[in-house]
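Structure incoming, see below.
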Amino acid sequence: MAVDSADAVLDGDQTDERLARAVIEALRAGRSWAHIATHLGVPPPAIRGGLGMTDRDWQEAIVAHENACAARPGGLSWSRRS
């Protein structure tokens with residue numbers, strides 16, 4: 001999921017599309033949702049009732065994290081962190 005410097009200037013739909021493609025590529029390569037989230041700098045989701053973290057928990061954490069990054073003034077999403 002390496003990103004070159006040209007990707008850093010993308011935002012909006014282009015960034016969303018690149019993120020989606022990067023996630024699909026990572027999953028095809030056998031990476032877990034936890035691995036993808038860690039690569040994106042997403043903090044671990046809260047564990048509910050002593051249960052382990054599920055893929056769904058990680059997916060929701062990734063979405064929340066990316067939405068928060070996109071909402072920041074001038075905020076770039078995942079490409080800035082890669």
Side-chain angles (χ1 to χ4, degrees):
M1 294 187 352
V3 178
D4 61 33
S5 59
D7 291 332
V9 298
L10 297 176
D11 63 347
D13 291 340
Q14 288 179 321
T15 300
D16 291 343
E17 185 177 317
R18 289 178 100 45
L19 176 61
R21 281 186 289 180
V23 168
I24 290 167
E25 184 180 312
L27 291 171
R28 284 184 180 153
R31 292 181 179 89
S32 68
W33 283 103
H35 177 85
I36 294 166
T38 300
H39 180 76
L40 295 172
V42 176
I47 299 175
R48 294 171 285 175
L51 301 174
M53 289 178 262
T54 66
D55 284 346
R56 175 76 181 223
D57 294 330
W58 281 109
Q59 292 164 5
E60 290 174 359
I62 291 168
V63 169
H65 181 76
E66 291 300 310
N67 286 341
C69 288
R72 290 185 200 128
L76 292 176
S77 183
W78 69 286
S79 59
R80 180 174 54 189
R81 293 185 300 277
S82 296

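From a predicted model like this one, the values you see are computed outputs, not experimental measurements.
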Review point. Would Val42 and Ile36 count as a side chain to side chain contact (heavy atoms under 4.5 Å, CB included) if you check the C-alpha gap in whole Å, the side-chain angles of each, and the deciding distance to 0.1 Å?
Key: CA-CA 9 Å; Val42 176; Ile36 294 166; over 6 Å; no
Check your understanding: For Thr54, what residues pass the side chain to side chain donor-acceptor pair (under 3.5 Å) criterion, not counting sequence neighbours?
Key -> Asp57
Check your understanding: Going from CZ on Arg31 to NE2 on His39, what distance comes out if it is rounded to the nearest 0.5 angstrom?
Key -> 8.5 Å
Exercise for review: Under the salt bridge (charged side-chain N to carboxylate O under 4.0 Å, His left out) rule, collect the residues that match up with Arg28, sequence neighbours excluded.
Suggested key: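 For Arg28 there are no salt bridge (charged side-chain N to carboxylate O under 4.0 Å, His left out) partners, ignoring immediate neighbours.
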Exercise for review: With sequence neighbours left out, write down each residue that passes side chain to side chain contact (heavy atoms under 4.5 Å, CB included) with Asp55, or none if nothing qualifies.
Suggested key: Trp33, Gln59
Review point. When you look at Leu40 and Leu19, which way does the side chain to side chain contact (heavy atoms under 4.5 Å, CB included) test go after all the steps?
Key: CA-CA 10 Å; Leu40 295 172; Leu19 176 61; 4.1 Å; yes
Revision key, fill the gap. Heavy-atom closest pair (His65 atom, Gly41 atom, distance to 0.1 Å) is CE1-O, 3.6 Å
Point to revise | Heavy-atom closest contact (Trp58 atom, Pro43 atom, distance) | key: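 Closest pair (atom of Trp58, atom of Pro43, distance): CZ3-O, 4.2 Å.
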Point to revise | Any residue meeting side chain to side chain contact (heavy atoms under 4.5 Å, CB included) with Glu60, in chain and number order, not counting sequence neighbours | key: Arg56
